[in-house]
Amino acid sequence: MLIYELSLATVVCINIIQAIGLNLITGYCGQISLGHAAFYGIGAYTTALMAKAGFPGPVNLMAAMLLSGSVGAVVGLTSLRVREDFLAITTMGVGFLFLGIVRQQERFLGGELGISSIPSFGLGKPGFFGLTLILVILTAAFSLYLKKTWMGFAFEAVADDEDTARVLSVNVSAYKLVAFALGTAMAGLAGGLYCYFARFIVPDDFGFITSISVLSMVAVGGIGSVYGVILGTVLLTLMPDFFRFISDYKLFVYGALLFAVMRFAPEGLAGLPALVSAKVARTGGAP
Amino acid sequence: MLYVELLIQGLIYGCMYAMIAVGLTLVYGLLRILHVAHAGLFALGGYLGLLLTNATGSLLLSMPLAAGLVGLLGMVVYRLCYQPILDRPPYVALIASIGLFIAMEELFRLIFGPYGLTYTHAPLQQLFRFSGVTLRAVDLAIVVGSVSLLGSLAWLAKNTRTGIAWRATVDDPQMAGSFGISVLKVRYLNFFIGSALAGIGGIFISLLSNLVEPTMGGVPSYKALAIIVLGGLGNVGGTLIASLVLGVVEAFGTIFIGDYLDRDAIAFGFLILVLMIRPQGLFARS
């Protein structure tokens, strides 16, 4: 039983790293991405190939971050050309492009069948959970710190109003690229961890649905707020488990809840206290 | 002959994409919402068309009936989902829409089962031969159906009072409103027509493969999103051309570079390529 809970906790941690990465791009810098899972996938495939070639775990995770981040910066270049909804669809396209390439590469990437029998990280299940937990704390701390730095302010300016930021001589293009590189590097790290966790990866793990679920975690938690994102991720990752007793309906409930949160609390859970107090204030506190 | 057949296949798919994409681009043009749940309505059209045809035995009767029902549901979707969150940042409506789409897909699976349904007597399966090219009646019906439907829609938009009001609202909602046009009515009309067309698109694809399944909306709708961006978001004419172009690019792409990229990747690779050269889409809105 404990093994099961430990696995669940590890998955939660991996998703948090992924969501914090997306929050950096979408929440801090205001650049919507519907293809985050592609970078998660790049991290996982890099780690898988290197692990099978015999490289040690920490090196592989570093490589995963580096490669994902570099590809992320290249994809970030598109955000200099297209904005908002155009960018959303472009990043969605990047996700499908990644999937299409992986699916057709049977020789190197295993095609539809994926990559199996990936060597273990060598810490055992509790040790590996400890590692992911430490990495979650590091990413969250970095993300919180970033918000207070000059760069964090610049991100906020870009998110608020790109053109005004440019007039104020904020180097908008550079900050966008940095946001993409950092955010996707985190996705790469999460992918590497997932690869060691599952030790078997297939293309579908990194499809559009995954991108959407990560975006949902960020949006449900409260876009831009690190604590909100963590809360949202924990809730949405564990939710299918809460609803195990209605197993056949769990995805239906998931979709309906996603819709309901956006419909009734568009700021996400982090904005809920403010929403409630505003309601109370409007009715004068009367029931 | 291979090239001619590929071209025809591409155009058939293009027509189907057009049926979905027109509704999406109409919604985008008016409300600036990426309406992912449109795909759910597309699938619903397929299901209703198939169920009604199996029950009544007449496709000609079921098609308008199914389209009408899907259109009405589209209006309900607007009222319940989008109207209350119109003033929010665009990602709110996008994620709400995705949630709704997931819920709809699951509902189809729970009600009609995961394996899909087929026609008891698949209509329009006769074969025709034109100097070496073999076509099914379905293929012809799809092309003729979409061209005549979209053509009459264009005519209505140009020549009737409602159509003029509609175009005025898309161009400038505030101005149209101050000239006495009910913007709300135009939005409802928009959702009705767009959803009905998507519903018919769903019936077309169910005829083409003689199958409706819960997940049938997914891939065509993602493609439709790519198409409306290619067509210059909100530009109906551009969307129609982009649908046909994408259909043909896909058909030829799978033959020539199918070893490296699958069908979806070809479509989206093409999209990214075009956007990097023309960030406003192939046909920008004036």
Side-chain angles (χ1 to χ4, degrees), chain A residues 26 30 32 34-35 75 77-78 80-106 112 159 203 207-209 212-213 215-216 218-220 223 248-268, chain B residues 28 32-34 36-37 80-82 84-85 87-107 109-110 218-219 222-223 225-230 232-233 257-273 275-281:
Chain A
T26 306
I32 195 150
L34 292 178
V75 170
L77 286 174
T78 62
L80 309 183
R81 283 292 272 176
V82 290
R83 284 191 197 179
E84 291 166 11
D85 296 321
F86 283 87
L87 183 63
I89 304 300
T90 307
T91 48
M92 177 174 129
V94 170
F96 278 101
L97 201 57
F98 167 77
L99 220 56
I101 293 171
V102 171
R103 282 206 173 118
Q104 303 301 87
Q105 277 294 332
E106 272 159 27
E112 291 282 4
F208 186 56
I209 300 296
I212 291 305
S213 358
L215 185 63
S216 313
V218 174
V220 165
I223 215 152
D248 214 26
Y249 294 83
K250 69 184 182 201
L251 253 176
F252 172 68
V253 173
Y254 180 88
L257 273 181
L258 197 59
F259 166 69
V261 170
M262 287 297 110
R263 165 74 177 73
F264 296 106
E267 312 278 322
Chain B
Y28 188 89
R32 297 273 173 276
I33 290 175
L34 291 173
V36 176
L80 295 183
C81 311
Y82 294 130
I85 47 176
D87 53 342
R88 298 286 173 176
Y91 70 86
V92 172
L94 177 65
I95 294 173
S97 190
I98 290 168
L100 191 66
F101 175 51
I102 296 174
M104 283 175 90
E105 257 190 6
E106 283 302 299
L107 215 56
R109 188 178 63 80
L110 291 167
V219 171
Y222 308 145
K223 295 266 179 64
L225 286 173
I227 286 166
I228 66 170
V229 169
L230 271 182
L233 277 176
I257 50 172
D259 289 346
Y260 309 103
L261 296 170
D262 67 4
R263 200 182 171 101
D264 305 344
I266 290 167
F268 282 103
F270 178 68
L271 166 83
I272 294 171
L273 197 70
L275 280 186
M276 289 307 104
I277 300 165
R278 279 184 66 83
Q280 68 278 47

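Keep in mind it's a predicted model, so treat the numbers as computed, not measured.
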Inset, instruction - State, to 0.1 Å, how close B:L107 and A:F252 come at their nearest heavy-atom pair, and which atoms those are. - result: CD1-CE1, 3.5 Å
Legend entry - Heavy-atom pair of closest approach, residues A:G100 and B:A265: CA-CB, 3.6 Å
Inset, instruction - Find out whether A:F86 and B:P279 are in side-chain contact, i.e. whether some heavy atom of one side chain is under 4.5 Å from a heavy atom of the other. - result: no
Inset, instruction - For the residue pair A:L99 and B:D264, establish whether any side-chain heavy-atom pair is separated by less than 4.5 Å. - result: no
Inset, instruction - State whether the side chain of A:R81 and the backbone N or O of B:M276 hold a donor-acceptor pair below 3.5 Å, judged by distance alone. - result: yes
Could you look at [X] and say if it's the side chain, the backbone, both or neither that has a heavy atom under 4.5 Å from chain B?
| X | value |
| --- | --- |
| A:V261 | neither |
| A:L34 | side chain |
| A:F98 | neither |

Inset, instruction - Could you tell me which of B:S97, B:A226, B:C81 has the largest number of non-hydrogen atom pairs under 4.5 Å with chain A? - result: B:C81
Legend entry - Top contributor to chain A interface from B:L225, B:L100, B:I228 [non-hydrogen pairs under 4.5 Å]: B:L225
Roughly how far apart are [X] [atom1] and [Y] [atom2], rounded to 0.5 Å?
| X | Y | atom1 | atom2 | value |
| --- | --- | --- | --- | --- |
| A:F96 | B:I266 | CZ | CD1 | 14.0 Å |
| B:I95 | A:I32 | CD1 | CD1 | 6.5 Å |
| B:I102 | A:L257 | CD1 | CG | 11.0 Å |
| A:I89 | B:L34 | CD1 | CG | 5.0 Å |

Legend entry - Counterpart residues, salt bridge (charged side-chain N to carboxylate O under 4.0 Å, His left out), relative to A:R263 (two or more places apart): none
Is it the backbone or the side chain of [X] that comes under 4.5 Å from a heavy atom of chain A, or both, or neither?
| X | answer |
| --- | --- |
| B:L110 | side chain |
| B:L271 | side chain |
| B:F101 | neither |
| B:I277 | backbone |

Legend entry - Pick from A:R103, A:Q105, A:M92 with the largest number of heavy-atom pairs that fall under 4.5 Å of chain B: A:M92
